[in-house]
Amino acid sequence: LGQLSEHCTLSIVLQHQIVMPAVMRGLEDPADSVKLTTCYVIDKFVEALDSAALLQYLPHLMQRLITILGTCQDRNVQELALTAIASSAVSAEMEFLPYAEVRYC
Amino acid sequence: MLQQILMVSEPSLFQLRGRGLECLGHVAVAIGRDNFTRYFEMGMNSAMQGIQLNDLTLKEQSFIYFANCAKVMGNHFDQYLPEMVPFLSGVVLEPELSPFEDAETQLAALGADDEEDADGEGGDQYLLNTNAGFVDTKKAALVALGALAEHTKKSFFPYLEKVLNEVILDENGALNSYHDSIRSEALVLLEYMVQVACDHQNFPPPPKHGVVALDHIVTEVARVVLITYIAALQDVEKLPVSSALNGICGVLELIGVSGLGITSPESNKPIGEILVAELVTLLQEKAPCQAINKHEGHHTGDDDDDDDHDNVVMDSVCDCIGQMAKSAGPAFVPYYKQMHKLLLKFTKSSRAFTDRAMAIGCIAEVMNEIGGAAVSEYVGSILPLIQSSLQDSMEAVRRNAAFCLGAMCEAMGPALAPQFPMFLQLLRPLCDRPAEQLQASGVGGGDIDNALSAVARMIRVAPETIPLPQVIPVMINALPLRVDMVEAANVFGTLIDLVLKGNPVALSFLPQIITHCANLLAPSSQAEDEAKVLVITGLKRFSIDANLQPAFSAAMAQIGDANVRGLVEKALQHA
């Protein structure tokens, strides 16, 4: 999915209603390796998603990424979670404000 | 949570700290200056401390944070300039070569994966540092310097001369780097030095096509930068050549055609003349960077669509020609004479479609700027090309051909009107396409947008030659614009004008015209403000003009879509 998101962006981004719920489940997978890959997919996928489409996923997405950041012991996963948060901020633009202001920073 | 990550002091966590800074920089860009101010110091404390720690990744990410934050915080960085500029310059000036006797120590320090190139023989041997972290950190320092210059504007002026000297003249200066990516970033930075000089001297944006007097400081900085850019066109790598061409475009945007009249201290020739000679060489594909491409099969750039298209250099060459035309207007004609035939070479059917689209787009940009008298000289060579290109199998080619046709129609005015019926025949297949074809993958519809705009230009130039009863329904059915929203002002302006003039065909389609106008004002619309203002003004005039008011009311009564009606009502109430 990460590769498809990176290289077939226009086609796959239209499928966000199928892709996003699936990848967000990956963030809750017990295996760090799955979380790691999921963060990579989110980074690439969310980059191509516009603010309006991302908005519906943002609350759950941010909650799960922040949970990973706070609880996961694997440094690589934490780093990619930060990258996924950064991509979410870039795509969400001003819609990211509640997550910057209230909960996390 | 980020706050904790940003201040971790355990070296094994520096990469995580760097990612945190990167993330914070993106958050800054997302939420804007007012909302980010409260977090600014937190990030700055981490970054300023981070650049003192001996970790290349953290240093690089700190510099990227400075660059992203500068975009948002602008002059908040003024207080940091005295400390940051010398530090960043110091990183940029770090030597890339070290004496060979230190080789073992250095290799051990750099790790087994890094390659070192030996340069010279025996006692004169040096090692070139090719460590990715070293190169990326230097590049990030140049990006940060550029962003600080761009966004602190005149506050950067005290550092301008020193930075220019260090980048261009110093033995270890970035332009003398062994790494093309570093040379490239240095060239990007130079454009902002001209911008700082303009800001400091309160130099206003140049008038379109107009020559203005440049003051001494702007002239001298622009001279140094433009001469450096022209010298960089001899680089054997494509990336710096492309950056130099893009930089020339940037400088011409800042100071206009006057930049082309600045003379070279060496040859005493105007820079415009020297630049044209270099562009001709590039169009002939004989520049040093192109020779390497041919002889060694060396290939750079992202050529997903077409391996033969040189999208690194040739696209920049065409952009530069377009920018020169934009800046100089009719004064560009003598320069362009040498380039036209060379550009036509790229339009041959044997060339890659990306080459064809690029060259036609470039010719179109020039035709759009040089005025009707000059365009008439090129009609003979361009029209056959446009005719065939409008039927090309590739959308990018059709799109640029339609733009070129519209530009020529507008530039030449009624002189080209006898051929308008033939042009309409060529444009119709682009506008009249089945919906399923438009929904196919890879179809953007930019060719339709430009075809509509070309038709609109013809209507403006010679409405009496256009069979409006046949043309307007096709236009209405082909709307909305899909990709090229910059054409909205022209297309909608033309339809609104026809209504305001009481054209009976336009009036018979008033409900559809109003609906398209309303959709242009929807929150999701990507149309530019200019087009939105034009549409709002048009709708208001429809509603208050005594002659149009009955037709407007009747049209509104026919519009059943509550959303459209709401958008129109909102437009009418707009102050």
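Sequence lines set the chain letters: A, B, ... in the order given, protein chains first and strands last, and positions in each chain run from 1.
If you measure heavy-atom distances from Q4(B) to chain A, you find no contacts under 4.5 Å at all. There is no contact between L6(B) and chain A, counting heavy-atom distances below 4.5 Å. Looking at S524(B), there are no atoms closer than 4.5 Å to chain A (heavy atoms on both sides), in backbone or side chain.
Atom CG of residue L16(B) and atom CG of residue L69(A) lie 7.0 Å apart, to the nearest 0.5 angstrom. Rounding to the nearest 0.5 angstrom, the gap separating the CG atom in D50(A) from the CD atom in Q526(B) is 8.0 Å. Here I31(B) contributes atom CD1 and L97(A) contributes atom CG; the two are 5.5 Å apart, rounded to the nearest 0.5 Å. A distance of 7.0 Å separates OG of S87(A) from NE2 of H26(B), quoted to the nearest 0.5 Å.
Of the residues considered (G18(B), S12(B), G32(B), G25(B)), S12(B) shows the highest number of contacts with chain A, using heavy-atom pairs under 4.5 Å.
More than 12 heavy atoms of other residues, nucleotides or ligands lie within 6.0 Å of CD in Q56(A), so this atom counts as buried by the packing criterion. A 6.0 Å sphere centred on CD of E41(B) holds more than 12 heavy atoms belonging to other residues, nucleotides or ligands.
Nearest heavy-atom pair across A89(A) and A30(B) is O-CB, 3.0 Å. Residues L82(A) and G20(B) come closest through the heavy atom pair CD1-N, 3.6 Å. The shortest non-hydrogen separation linking F96(A) to V27(B) is CE2-CG2, 3.6 Å.
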### Task
I would like to know whether M94(A) and N35(B) meet side-chain contact (heavy atoms from CB on, under 4.5 Å); could you show each step before the answer?
CA-CA 9 Å; M94(A) 283 303 285; N35(B) 297 309; 3.1 Å; yes
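R19(B) pairs in a side chain to side chain contact (heavy atoms under 4.5 Å, CB included) with only one of the listed residues (Q78(A), R75(A), E79(A)), which is E79(A).
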